[in-house]
Amino acid sequence: MNLFTDIRELVLASIHAMQADGALPGELNLVPVTVEPPRDPAHGDMATNAAMVLAKPAKQKPRDIAEALAARLATDPRVASADVAGPGFLNLRLDPSVWQGLPKAILMAGKDYGRSTFGAQQKVNVEFVSANPTGPMHVGHTRGAVVGDALAALLDFAGYDVTREYYINDGGAQVDVLARSVYLRYLEAHGESVEFPEGTYPGDYLVPVGQKLKELKGDAFVGKGEEVWLAEIREFATEEMMELIREDLRVLGVVMDNYYSEKSLYGTGRIEAAIADLEGKGLIYDGVLEPPKGKKPEDWEPREQTLFKSTEHGDDVDRPIKKSDGSWTYFAPDIAYHYDKVTRGYDQLIDIFGADHGGYVKRMKAAVSALSGGKTPLDIKLIQLVKLFKNGEPFKMSKRAGTFVTLRDVVDQVGADVTRFIMLTRKNDAALDFDFDKALEQSSENPVFYVQYAHSRICSVLRNAAEKGVETSDAALADVDLSGLDHPTELALIGKLAEWPRLVETAAKTHEPHRVATYLQELASDLHGHYNRGNKEVSLRFLQDDPKVTQSKIALARAVAVVISAGLGILGVTPAEEMR
RNA sequence: GCACCCAUAGCUCAGCUGGAUAGAGCGCUGCCCUCCGAAGGCAGAGGUCUGAGGUUCGAAUCCUCAUGGGUGCGCCA
């Protein structure tokens, strides 16, 4: 159900007919032919660039092609008029009945209106959050979590087979630091007074973890050296932190399909297997890297390391996979992890990283390209910083200091819906200002409330209709005559609804869930505009004296509500029925 | 030094992956409730899309260079 693709099919069919008649050459690339809503409504309902795109390969003047095409299109009952404009645009005006049929179609499709088969059930793995299991999630993670989750939902809606995955960085030195920090809290629970030296995590969130460890182990570890407790506490603390993170995600409304442990790659031969794959392709060698030019580290000495020839796959320099002492760098397990994803048979991989990981994009893409033989595309979305404001004052967040603003802090104050929506109003590679005051404000300055308000207004209309005894169920609306929906603002609203399926596909194709948020704001704006017109022009109100007319208006109102719910559903935001 | 990202109204940002006269919100000016929710709406003012080249029927969008800002750059993950 997508009017634009329907009409594009019609245009293509007409072109084929012209080819059959010899009016156009048989060999033409029709992919660039588009049918879009014109920016200026005065140009009609839809516009196609067909004539301009085909002019050159067909060796004809664009306007000539347009004229001929227009004549053919005009014979279709759905097309009211087809006019050539400008350099060769073909502006189509559709028969009003085409538009007027849409609200019913939307109600019949329900929440599936706009759902697409575009993705053809391709398997996509979206890896996101992947915060180190060393503490609660902070605001920076929150944005990545929301973007990843919404992107996954969007892809699902667009017809992909999506897996949401979290990569647990539980293999590196930071979990040793965590274990030592928990040990200190454990001693504290035994009444010792402790200090947190540089390089440990002093955050309060480890206090209950130390307590719990005491309950579990008694004084077994007191006064003992690391060799006794490190491994066990590391295990215990990591699990505790993951519990914390899972709960954070749950509060945000994010549910992962899969948690993948970095640790599971060590000692199991999986890193070795991935590296062996690259070695088999001649991409592993021992060598010495050049120091970075300009900014040479103080203690630079040339050292021989095992390197991955990432330059053969688009990187700028080759990357070390082993440290000079022979142990793996962090990059090695990352390669193994992505190797695993490739061998699990995904058609497409998406990683959501923090912007501070921008330096790893090329090497990661190089690794996946090498491992998959160029077959599995990897898209990496970098999530820019969130700057928090309250009363015009910026907050600082610092994980080291243990005073960072956590996901909980934000969600507790403004709620998950507001948090999610606001974090999805900007494209991922632009920094985002998050203003607590505005987030809580209930006005048009707050996009969440603006969209929610549109939805609850419709719900309010439905309640009023019910009081008047007007039946507004799907069944009751199925036979209603909608030909009275002919006012420009009504048709504009329907036109906006018609764009939803297109938008879903574009947003999915570009991996940009923020487009959904933008669209919803536009749709809400159209609804509010139309609604307010009803103050002056009584005939535009949803509630009319004639129940039949009321039902036709309600069909439109409900169709808008359906699309708002569907859009909010992708963003993971609950549509409000009432706001007080 | 190198790489990646960003630059659009006074401010915060959209711009449908190349289309026609570049759009919202805030702020500013003037309006709209006897009326389905004014938590809203309408109208006006406000632009050399950072700059210079290029690609083509057509560029804010793609390519090159420059300028300004952000991020990162072997034994941290």
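On a predicted model such as this, the values are computed, not experimentally measured, just so you know. Chain letters run A, B, ... following the sequence lines, proteins first, then strands; residues in each count from 1. The analysis underlying the following values was restricted to heavy atoms, covering all of them including side chains, and did not include hydrogens, waters or symmetry mates.
- B:G51 and B:U67 have their P atoms separated by 15 Å, given to the nearest Å.
- Counting to the nearest Å, the C1' atom of B:A24 and the OH atom of A:Tyr519 are 16 Å from each other.
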Every protein N/O within reach of nucleotides 67-72 of chain B N/O, cut-off under 3.5 Å:
residue	atom	partner	partner atom	Å
B:U71	O2'	A:Ala355	O	3.3

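- When rounded to the nearest whole Å, the span between CG of A:Asp429 and P of B:G15 equals 10 Å.
- The side-chain tip of A:Arg502 points at the ring of A:Phe4 from less than 6.0 angstrom away and within 45° of straight on.
- Taking the six-membered ring where the residue is Trp, the centroids of A:Tyr339 and A:Tyr337 are separated by 6.0 Å or more.
- Side-chain contact between A:Trp328 and A:Lys322 is present, with at least one heavy-atom pair separated by less than 4.5 Å.
- Following rounding to the nearest Å, A:Gln452 (CD) and B:G40 (C1') show an atom-to-atom distance of 16 Å.
- Comparing the same atom, C1', in B:G46 and in B:A3 gives a spacing of 39 Å after rounding to whole Å.
- Nucleic acid contact class of A:Asp526 (heavy atoms, under 4.0 Å, all strands): none.
- For B:C13, the base has no donor-acceptor partner in the side chain of A:Arg426 [N/O atoms by modelled type, under 3.5 angstrom].
- Searching all strands for a Watson-Crick or G-U wobble partner of B:A14 with both distances below 3.5 Å returns nothing.
- Looking at heavy-atom distances under 4.0 Å, A:Ala85 makes contact with a base.
- At whole-Å resolution of the value, CZ in A:Arg533 and P in B:A38 are 16 Å apart.
- Residue A:Ser460 is classed as a base contact, given a heavy-atom separation below 4.0 Å to a base.
- For the P atoms, the distance from B:G69 to B:A77 is 33 Å, rounded to whole Å.
- Here the nucleotide nearest the side chain of A:Arg502, chosen from B:U21, B:C16, B:A14, is B:C16.
- Outside the 6.0 Å centre-distance limit, the rings of A:Tyr453 and A:Tyr531 are not counted as a close aromatic pair.
- Using a 4.0 Å heavy-atom cutoff across all strands shown, A:Glu499 reaches no nucleic acid atom at all.
- For A:Thr238 (side chain) and A:Arg234 (main-chain N/O), a donor-acceptor pair under 3.5 Å exists by modelled atom type.
- Atom name P, nucleotides B:A66 and B:C4: the rounded distance is 13 Å, in whole Å.
- A:Pro320 comes within 4.0 angstrom of sugar-phosphate atoms only, judged by non-hydrogen atoms across all strands, and of no base.
- B:U64: Watson-Crick or G-U partner is B:A52, with both key distances under 3.5 Å.
- Pair assignment for B:C28: B:G44, on the basis of Watson-Crick or G-U wobble contacts that are both within less than 3.5 Å.
- As rounded to the nearest Å, B:G23 and B:U34 have C1' atoms that lie 37 Å from one another.
- Between the side chain of A:Arg63 and the backbone N or O of A:Gly86, at least one donor-acceptor pair lies under 3.5 Å.
- Within the nucleic acid shown, A:Lys427 comes within 4.0 Å of sugar-phosphate atoms alone, with no base atom in reach, counting heavy atoms only.
- The listed nucleotides are B:A3, B:C57, B:A77; the one nearest the side chain of A:Lys56 is B:C57.
- Residue A:Arg457 is in sugar-phosphate contact alone, with no base atom involved, counting any heavy-atom pair closer than 4.0 Å across all strands shown.
- Within the nucleic acid shown, A:Gln174 comes within 4.0 Å of sugar-phosphate atoms alone, with no base atom in reach, counting heavy atoms only.
- Taking the six-membered ring for Trp and thresholds of 30 and 60 degrees, A:His530 and A:Phe542 have ring planes more than 60 degrees apart, a perpendicular arrangement.
- Remark: B:C36 base-pairs with no nucleotide in the shown strands. Criterion, Watson-Crick or G-U wobble with two distances under 3.5 Å.
- Counting only heavy atoms from C-beta on, A:Glu262 has its side chain closest to B:A77 among B:C36, B:C57, B:A77.
- Listed by chain and residue number, nothing satisfies the ring-ring contact (aromatic ring centres under 6.0 Å, His included) test with A:Tyr266 (two or more places apart in sequence, or in another chain).
- Shown here for A:Ala50 and A:Val33, the closest heavy-atom pair between the two residues is CB-CG1, 3.9 Å.
- With respect to A:Glu512 and A:Lys427, no salt bridge is recorded, no charged nitrogen being found less than 4.0 Å from a carboxylate O.
- A distance of about 28 Å separates the C1' atoms of B:C42 and B:C49, rounded to the whole Å.
- Residue-level contact check: A:Phe89 touches the bases, meaning some heavy atom is under 4.0 Å from a base atom.
- Rounded to whole angstrom, the span from the CG atom of A:Asp433 across to the C1' atom of B:C11 amounts to 11 Å.
- One donor-acceptor pair, N or O on each side, does fall under 3.5 Å between the base of B:C75 and the side chain of A:Ser324.
- As a whole-Å value, the separation of A:Met364 CE from B:A3 C1' is 17 Å.
- At whole-Å resolution of the value, CG in A:Asn446 and C1' in B:G25 are 12 Å apart.
- Rounded to a whole angstrom, the distance from the P atom of B:C63 to that of B:G19 is 15 Å.
- For A:Arg303 against B:C75, a side-chain-to-base donor-acceptor contact under 3.5 Å is present.
- If you take CG of A:Leu92 and P of B:G19, they are 17 Å apart, rounded to a whole angstrom.
- The 5' end of RNA chain B is approached more closely, in terms of each residue's nearest nucleotide, by A:Met46 than by the other of A:Tyr450 and A:Met46.
- Residue A:Glu290 is classed as having no contact, given no heavy-atom separation below 4.0 Å to the nucleic acid.
- With contacts defined as side-chain heavy-atom distances shorter than 4.5 Å, the pair A:Arg533/A:His487 qualifies.
- Distances shown here put every side-chain N or O of A:His514 at or beyond 4.0 Å from the OP1 or OP2 atom of B:C16.
- A sub-4.0 Å separation between OP1 or OP2 of B:C36 and a side-chain N or O of A:Lys553 is absent.
- Under a cut-off of 6.0 angstrom, the local environment of CD in A:Glu304 is crowded, with over 12 non-hydrogen atoms contributed by other residues, nucleotides or ligands.
- Straight-line distance between the P atoms of B:A22 and B:G47: roughly 12 Å, to the nearest whole Å.
- Among the protein residues, A:Ala47 comes within range of the nucleic acid bases, having at least one heavy atom under 4.0 Å from a base atom.
- In this structure, A:Glu301 reaches the bases: a heavy-atom distance under 4.0 Å links it to at least one base atom across the strands shown.
- Side-chain nitrogen and oxygen atoms of A:Lys536 include none within less than 4.0 Å of the OP1 or OP2 phosphate oxygen of B:C31.
- For A:Leu543, the listed nucleotide lying nearest its side chain is B:C36; candidates were B:C16, B:C36, B:A14.
- Across all strands shown, B:G1 is found opposite B:C73 as a Watson-Crick or G-U wobble partner, with both distances under 3.5 Å.
- Within 4.0 Å of A:Gly534, counting heavy atoms only, lies at least one base atom of the nucleic acid.
- For the pair A:Lys509 and B:C16, the criterion of a side-chain N or O lying under 4.0 Å from OP1 or OP2 is not met.
- Which of B:A77, B:G19, B:A3 sits closest to the side chain of A:Glu36 comes down to B:G19.
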